[in-house]
Amino acid sequence: MLTLGIDSSTQSCSALVIDVELGKVVAEATVNFGERLPSYGAPNGFLPDLPDGQVQADPRMWLDALELLLDDLRERCDLSRIRAISGAAQQHGSVYLKANWLEKLGSLEAGTALSVQLEDCFSRSTAPIWMDTSTTAQCREIARSVGGDTVVCAKSGSVAIERFAGPQIRRFYEQDADGYEGTARIHLISSFFASLLCGNEVAIDTGDGAGMNLLNINNWSWDADLLEATAPNLGSRLPAVQVGESRVGEVAAYFVDRFGFQPGTPVAIFTGDNPSSLVGMGAARPGKVVVSLGTSDTFFAAMPRVVADPQGCGHVFGNPLGGSMSLQCFVNGSLAREAVKDRFGYSWDAFTEALDKTIPGNEGDLMVPFFRPEISPRMEIHAPILAGRTAFLNWEDGAAAVRACVEGQFLNMKLSTEWMQLEPETVYLTGGASANDAIAQVAADIFQARVERLSVTSSVALGAAMRAASVCLSRSIEELESHFCSSLPGSERVPNDCGAVYPEAASRFRELLRKEAS
Ligand code: XUL
């Protein structure tokens with residue numbers, strides 16, 4: 001019983017085939033856009049050096065990559081044995097299509113590449129992706145027209161954000177009214193792929209749909225006010241919205257003929273990479289949170305109830321397994337940890353030693369570890385704020401600085417995510433710095449939750465393959481999680497009883513932030 005998960009991400013497109021019964025990954029493939037498709041001039045998956053913060057990619061590159069991917073995969077796995085398919089894509093990117101798209105979609109011929117057959121279906125030759133920051137003016141216009149960012153956030157789960165599809169659509173409408181007029185359909189990358197795979201128009205799921213500033217998270221349908229504030233007659237250009245548990249079609253004849261899929265193979269709705277990763281990390285039910293420690297740190301979790309961040313810093317998306325999920329980014333991730341490490345000329349081993357030889361609460365030495373402007377909370381700041389003993393304030397105590405940085409990061413994360421109303425029992429730590437046991441212990445102590453590191457590497461594609469099994473083959477998510485989302489042996493960290501140390505540190509941290517803001 002095999003299922004296939006596809007992940008179209010920023011730099012590559014990947015596939016993962018799992019055997020649901022044996023609980024094993026049976027095949028994997030990846031196509032790096034820059035390496036395999038250099039003619040698109042996008043070494044990192046997007047066109048470099050566009051002006052005004054624009055970041056775009058040619059959607060035909062994604063089509064070619066999908067074909068290369070399935071060609072590679074069929075050499076490793078008999079695709080006629082796949083019993084269900086789903087997928088995920090980088091969030092927020094939007095694809096603009098003419099009316100002929102619908103017709104072409106239903107009559108694709110296996111002898112010709114998708115990129116050639118669909119070439120004249122695009123009303124905009126490039127698709128803006130999540131890295132695009134060109135739409136600040138449009139964000140302000142949208143917010144103003146519906147009554148401010150608080151209203152946008154309460155409705156859509158996020159304040160108006162540059163990378164979200166709504167502001168991108170508005171910019172396209174403002175800059176190229178004819179192009180917008182000639183657009184019959186606007187898809188997210190996820191629903192574009194799902195439509196292709198089914199040879200039919202497929203809905204946007206609530207997970208990815210909530211990354212548009214257009215979907216109302218209180219009823220999971222397009223919001224009339226936001227649609228109107230974004231562009232004229234936008235509603236008629238958008239696909240329907242459906243929850244993540246939807247089966248949306250069967251694999252199209254094109255893929256049967258070209259790659260040997262079994263006719264009738266069911267397809268579950270596609271979603272965004274973060275919602276898919278929530279499933280692939282085994283965290284789709286409330287009680288577990290995922291903290292990814294990367295260049296930026298990211299926190300996401302299944303939410304017990306649908307609430308938006310009153311501060312407007314976090315995001316709410318649909319949870320592919322029902323309800324909602326939250327996502328919050330912290331810009332000062334690895335950059336802050338590295339800045340402290342480098343300031344004292346430490347290696348990572350010395351950094352770890354410093355954590356090991358200091359104690360929870362750091363004897364009162366506290367840092368708001370923002371080395372560059374932060375978005376959670378929003379703060380125009382270029383140097384950390386320190387409070388504590390003189391040697392610490394003078395940057396003379398390297399060990400205290402290291403602990404203050406890491407504690408400050410997790411204290412900030414805990415405080416900034418209070419709006420989500422979570423009661424985490426387990427924190428799944430992932431990303432570069434997650435392998436560090438000393439950092440993991442600080443996370444366990446501050447969140448007062450068990451910390452685990454998972455063996456999962458491709459959580460987005462895995463989440464898609466698991467969703468295919470759950471939605472189309474009625475396999476229980478608990479059973480799938482027990483097979484595919486186990487933690488690395490010995491990776492667990494249990495919280496120490498730190499008494500009132502961290503609640504007190506959290507109050508002092510909050511006070512430092514308040515003073516800085518005033
Ligand atoms: C989330 C976001 C990115 C993209 C690309 O809001 O912009 O995580 O989904 O991975």
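Counting starts at 1 for both ligands and their atoms, in listed order.
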Engineer: Could you name each residue pair satisfying side chain to side chain donor-acceptor pair (under 3.5 Å) that touches residues 45-59, not counting sequence neighbours?
Structural biologist: Q54-Q56, Q54-R171, Q56-T126, D58-R60
Engineer: Every pair of nitrogen or oxygen atoms between ligand 1 and the protein that is under 3.5 angstrom apart - can you list them with their distances to 0.1 Å?
Structural biologist:
unit_1   : atom_1 : unit_2 : atom_2 : d
ligand 1 : 6 (O)  : H92    : NE2    : 2.7
ligand 1 : 6 (O)  : R163   : NE     : 3.4
ligand 1 : 6 (O)  : R163   : NH2    : 2.8
ligand 1 : 7 (O)  : H92    : NE2    : 3.2
ligand 1 : 7 (O)  : R163   : NE     : 2.8
ligand 1 : 8 (O)  : N274   : ND2    : 3.0
ligand 1 : 9 (O)  : Q91    : N      : 3.1
ligand 1 : 9 (O)  : D273   : OD1    : 2.7
ligand 1 : 9 (O)  : D273   : OD2    : 3.4
ligand 1 : 9 (O)  : N274   : ND2    : 3.3
ligand 1 : 10 (O) : D273   : OD2    : 2.4

Engineer: With Y96, which of F122, F172, F192 fulfils ring pair (Phe, Tyr, Trp, His ring centres under 6.0 Å)?
Structural biologist: F172
Engineer: Between E452 and K288, is a salt bridge (Lys or Arg N to Asp or Glu O under 4.0 Å) present by the stated rule, with each step listed?
Structural biologist: CA-CA 10 Å; E452 289 180 27; K288 298 164 182 175; over 6 Å; no
Engineer: Between T298 and S292, is there a side-chain donor-acceptor contact under 3.5 Å, judged purely by atom types and distance?
Structural biologist: no
Engineer: What about F164 and H315, are their ring centers closer than 6.0 Å?
Structural biologist: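 Ring-ring flag for F164/H315: true, centres closer than 6.0 Å.
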Engineer: For D176, is there an ion pair with R124 - N to carboxylate O distance below 4.0 angstrom?
Structural biologist: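 No.
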